[in-house]
There are 2 protein chains.
Amino acid sequence: MKALTKAEEQIMQILWDLKEAYVKDVLERMDDPKPAYNTVSTFIRILETKGFVKHRPIGKSHQYYPIVTKDEYRSFSIRRLLSGYFGGSFTKMASFFAKEENLDVNEIERIMEEVKKDVK
Amino acid sequence: MKALTKAEEQIMQILWDLKEAYVKDVLERMDDPKPAYNTVSTFIRILETKGFVKHRPIGKSHQYYPIVTKDEYRSFSIRRLLSGYFGGSFTKMASFFAKEENLDVNEIERIMEEVKKDVK
DNA sequence: TAGGTTTTACTAATTATTTAATAGTATATT
DNA sequence: AATATACTATTAAATAATTAGTAAAACCTA
């Protein structure tokens with residue numbers, strides 16, 4: 001999987017959110033100052049050539065939808081961070097975070113309970 | 001703090017590792033095919049203008065050293081990932097990771113023990 | 001001291017990314 | 001039919017990132 005550039009990622013976030021969208025729907029969700037319609041259109045087409053997005057023709061226009069899921073990209077991103085900064089170890093990352101946030105043992109317990117519940 | 005580009009980050013990783021280094025030391029540690037000496041030199045000077053690195057003149061040459069620590073940049077990177085992909089919640093990220101790796105409750109316990117030990 | 005070496009500083013060239021204008025096509029509207 | 005509207009496709013222009021050549025300074029060596 002190839003990494004997204006910042007502008008591409010911004011648009012993917014919106015597509016993941018909307019699940020399917022026309023160019024105008026994406027544009028609508030963008031922060032001010034909004035870029036030109038064609039700027040968005042171009043990026044979506046780049047995302048399509050990169051294999052992140054497909055479209056179905058609806059009448060004269062295109063409805064776009066993600067084919068790389070947000071989870072897949074999340075996973076890719078975590079892995080990149082882990083391997084670059086924590087020797088590939090999630091435990092190291094968790095420790096780092098805990099120290100940085102000054103989490104005490106109880107707070108760590110609470111987080112892990114949450115995780116356990118969620119995993120079930 | 002400003003994000004590093006890929007090439008800049010690569011060189012920072014080496015500087016963090018070496019703590020202090022001449023251009024040639026950094027070059028030495030780079031993967032083949034090695035870039036030109038001047039390429040490395042340029043990037044280090046960019047890092048200096050970005051405020052990640054300083055140097056002390058040693059004789060005719062410069063010894064470079066990081067002034068943004070790896071921990072500071074780690075922290076920045078985690079935060080960026082959390083806010084972009086996990087609604088800012090470390091718990092969510094941990095859950096995501098646990099599910100993805102199919103961690104069972106025992107494995108989660110083990111990680112938590114490790115983190116607790118480390119935090120003390 | 002003349003010629004080679006090492007290094008920094010400056011600058012240019014290349015490639016990637018971002019942005020949007022322009023042109024073309026189809027549909028709706030008057 | 002002529003005009004406006006809504007879109008896609010192509011292309012160009014602007015900016016950022018990457019790579020490295022060239023010049024200049026400082027040193028080393030025969």
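Sequence lines set the chain letters: A, B, ... in the order given, protein chains first and strands last, and positions in each chain run from 1.
The listed nucleotides are D:dT8, D:dT18, C:dA20; the one nearest the side chain of A:S61 is D:dT8.
Between A:Y64 atom OH and D:dC7 atom C1' there is a gap of 10 Å when expressed in whole angstrom units. Rounded to whole Å, atom P of D:dA17 lies 15 Å from atom CD1 of B:I11.
OP1 or OP2 of D:dA20 has at least one side-chain nitrogen or oxygen of B:T39 nearer than 4.0 Å. Between B:R45 and C:dA9 there is a side-chain polar atom (N or O) within less than 4.0 angstrom of OP1 or OP2. Residue A:Y37 places at least one side-chain N or O closer than 4.0 Å to OP1 or OP2 of D:dT8.
Side chain B:T42 to base D:dA20: a donor-acceptor pair is found below 3.5 Å. Taking only distance into account, the side chain of A:N38 meets the base of C:dT22 through a donor-acceptor pair shorter than 3.5 Å.
When all heavy atoms of A:E8 and A:F43 are compared, the closest pair comes out as CG-CD2, 4.0 Å.
Residue contacts for A:F43: at a heavy-atom cut-off of 4.0 Å it reaches a base atom on one of the strands shown.
Ion pairing of B:K116 with A:E109 is present here, as a side-chain N (NZ or NE/NH1/NH2) and a carboxylate O approach within less than 4.0 Å. With respect to B:E100 and A:R74, no salt bridge is recorded, no charged nitrogen being found less than 4.0 Å from a carboxylate O.
Classification of the A:H55-A:H62 ring pair by plane angle, with boundaries at 30° and 60°, yields parallel.
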